Amino acid sequence: MTKKKHLYEVDLMRCFFMFGVVLNHVASTFAAALGNKATPAGRFLVSTHLILHFPRFGFMFITGLVLFLGYWGRPEKQNWPVFWKKRYIGSGIPYLFWNGLFLAFLLLTSGSFSWNKWLTGWLEAISKGSQFYFSPPSCD
């Protein structure tokens with residue numbers, strides 16, 4: 001079997017879109033925190049935030065393309081249970097771990113850590129996703 005050529009352009013596009021997604025999250029946080037959006041700075045921030053929505057779709061497209069190219073024409077790699085196990089171990093478990101660590105840090109720095117608050121906040125964080133990070137729970 002011949003080895004497929006590595007497409008460095010796809011890697012470049014993935015980096016570009018990942019940077020755009022992070023930039024979108026940062027702009028979303030600032031736009032949400034900005035009280036008066038009628039100011040020139042507020043209008044600029046909101047308009048750039050809206051423009052930055054395109055990387056999300058580009059990132060999903062490029063990720064699907066990479067998965068397709070990695071598995072296309074390779075029947076030995078088309079084992080779906082193994083595929084999902086790799087995704088869960090490589091993405092799911094770290095996602096759950098870092099959410100828990102972030103919430104523990106928030107609660108510890110506020111001085112109100114309890115296991116009940118941590119578990120409740122952790123379940124809320126993993127069920128609501130980015131909504132949780134734009135308005136973290138009150139730690140009182």
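No experiment lies behind these values; they were computed from the predicted model shown. Quick note: residue numbers are just sequence positions, from 1.
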Fill in: Over 12 non-hydrogen atoms of neighbours within 6.0 angstrom of CZ in F16
no
Discussion item. Which residues pass the ring-ring contact (aromatic ring centres under 6.0 Å, His included) test with F19, not counting sequence neighbours?
Written reply: none
Worksheet item: If two hydrophobic side chains count as joined below 4.5 Å and joins carry through other members, does F57 share a cluster with F61?
Response: no
Practice prompt. Answer whether the closest heavy-atom distance between the side chains of F105 and L101 falls below 4.5 Å.
Written response: no
Item to complete: Could you list the residues that satisfy side-chain hydrogen bond (donor to acceptor under 3.5 Å, both in side chains) with R87, not counting sequence neighbours?
Response: none
Worksheet item: Taking all atoms of both residues into account, what is the closest heavy-atom pair of I62 and R14, and its distance?
Response: CG2-CG, 2.9 Å
Worksheet item: Hey, what's the ring geometry for W118 with W122, parallel, tilted or perpendicular (30° and 60° as the breaks)?
Response: parallel
Worksheet item: Among the clusters formed by ILVMFWY side chains lying less than 4.5 Å apart, do Y8 and M18 turn up in the same one?
Response: no
Practice prompt. Please assess Y88 against L96 for the test side chain to side chain contact (heavy atoms under 4.5 Å, CB included), listing each intermediate value before the final yes or no.
Written response: CA-CA 10 Å; Y88 180 72; L96 297 173; 4.3 Å; yes
Discussion item. With a 4.5 Å cut-off on side-chain heavy-atom distances among I, L, V, M, F, W and Y, is there a chain of contacts connecting L123 to F113?
Written reply: yes
Worksheet item: Shortest non-hydrogen contact from P94 to I89?
Response: CD-O, 3.3 Å
Worksheet item: Closest heavy-atom contact between F59 and F17?
Response: N-CG, 3.7 Å
Practice prompt. Say whether, by atom type as modelled, one donor and one acceptor occur between the side chain of S110 and the main chain of L107 under 3.5 angstrom.
Written response: yes
Item to complete: Treating Ile, Leu, Val, Met, Phe, Trp and Tyr as nodes and any side-chain heavy-atom pair under 4.5 angstrom as an edge, say whether V66 and L69 lie in one connected cluster.
Response: yes
Fill in: Smallest separation among heavy atoms of L103 and G121, with atom names
CD2-C, 3.1 Å
Discussion item. Using the rule that Ile, Leu, Val, Met, Phe, Trp and Tyr join whenever any side-chain heavy atoms are under 4.5 Å apart, tell me whether V10 and M60 fall into a single cluster.
Written reply: no
